[in-house]
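Report on one structure; see the data block that follows.
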Amino acid sequence: QVQLVESGGGLVQPGGSLRLSCAASGSIFSINEMGWYRQAPGKQRELAATITRGGTINYADSVKGRFTISRDDAKNTVYLQMNSLKPEDTAVYYCNAKSRVVFQTIRVYDYWGQGTQVTVSS
């Protein structure tokens, strides 16, 4: 089992910055990839950024150049630095972890945090 706890959301003016944190606990050894997804009211959840165990990073086109995903392995924490925020970035941001467990067969698990609200408004 993996548990994820997000923090760092809040209200910020357009052009401002926020840094989200996601602390993982439990069977963190099995995590292969972590990332951030966001969901605005009435819209589908969409990927913002991901980082693999090997350090490969992918960003959605909408956030590329403005957001930076990083991790601190010693703290079991993933961060999302969000700069030049726009009103359209307003959403609930969810931390995600994908784990693989090998026991007679390979099992893949998908874990989600509770979400943290980011509101960009003047």
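Note that this is a predicted model, so its numbers are computed, not measured.
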**Message:** Please find the pair of heavy atoms, one from M82 and one from L20, that lie closest to each other, and give the distance.
**Reply:** CE-CG, 3.7 Å
**Prompt:** Between atom CZ of R19 and atom OG of S17, what is the distance when rounded to the nearest 0.5 Å?
**Reply:** 12.0 Å
**Message:** Which heavy atom of R66 sits nearest to which heavy atom of L85, and what is that distance?
**Reply:** NH1-CA, 3.9 Å
**Request:** Could you check whether the rings of W112 and Y37 sit parallel, tilted or perpendicular, using 30° and 60° as the cut-offs?
**Result:** perpendicular
**side chain to side chain contact (heavy atoms under 4.5 Å, CB included) partners for K64, two or more places apart** = Y59
**Request:** Please collect all salt bridge (Lys or Arg N to Asp or Glu O under 4.0 Å) contacts where either partner lies in residues 94-107, sequence neighbours excluded, each pair once.
**Result:** K98-D110
**Heavy-atom closest pair, residues S30 and V101** = CB-CG2, 4.3 Å
**Approximate separation, where rounding is to 0.5 Å, of Y109 OH and S99 OG** = 9.5 Å
**Fill in**
From the list T90, L18, D89, side chain to side chain contact (heavy atoms under 4.5 Å, CB included) partner of T119 resolves to T90
**Prompt:** Do Y79 and I57 share a hydrophobic cluster (ILVMFWY, side-chain heavy atoms under 4.5 Å, transitive)?
**Reply:** no
**Request:** Supply the atom-to-atom distance R71 CZ to S21 OG, rounded to the nearest 0.5 angstrom.
**Result:** 15.5 Å
When the side chains of residues 1-14 are checked against the rest of the protein, which donor-acceptor pairs come out under 3.5 Å, sequence neighbours left out?
residue, atom, partner, partner atom, Å
E6, OE1, Q114, N, 2.9
E6, OE1, G115, N, 2.9
E6, OE2, C95, N, 2.7
E6, OE2, G115, N, 3.2

Taking distance alone, no hydrogens or angles, what donor-acceptor pairs closer than 3.5 Å link side-chain atoms of residues 45-54 to residues at least two apart or in another chain?
residue, atom, partner, partner atom, Å
E46, OE2, R38, NE, 2.8
E46, OE2, R38, NH2, 3.3
T52, OG1, G54, N, 3.3
T52, OG1, G55, N, 3.3
T52, OG1, T56, N, 3.0
R53, NH1, F29, O, 3.4

**Message:** With heavy-atom distances below 4.5 Å as the criterion, would you say the side chains of Y111 and I31 are in contact?
**Reply:** no
**Fill in**
Separation between CG (N96) and SG (C22), nearest 0.5 Å, reads 8.5 Å
**Asked** Which residues, ordered by chain and number, are linked to F103 in its hydrophobic cluster, where ILVMFWY side chains connect at heavy-atom gaps below 4.5 Å, directly or through other members?
**Response** none
**Message:** For the CD atom on Q44, are there more than 12 heavy atoms of other groups (residues, nucleotides or ligands in this structure) within a distance under 6.0 Å?
**Reply:** no
**Item:** Qualifying residues under side chain to side chain contact (heavy atoms under 4.5 Å, CB included), relative to V92, sequence neighbours excluded
**Value:** Y94, Q117
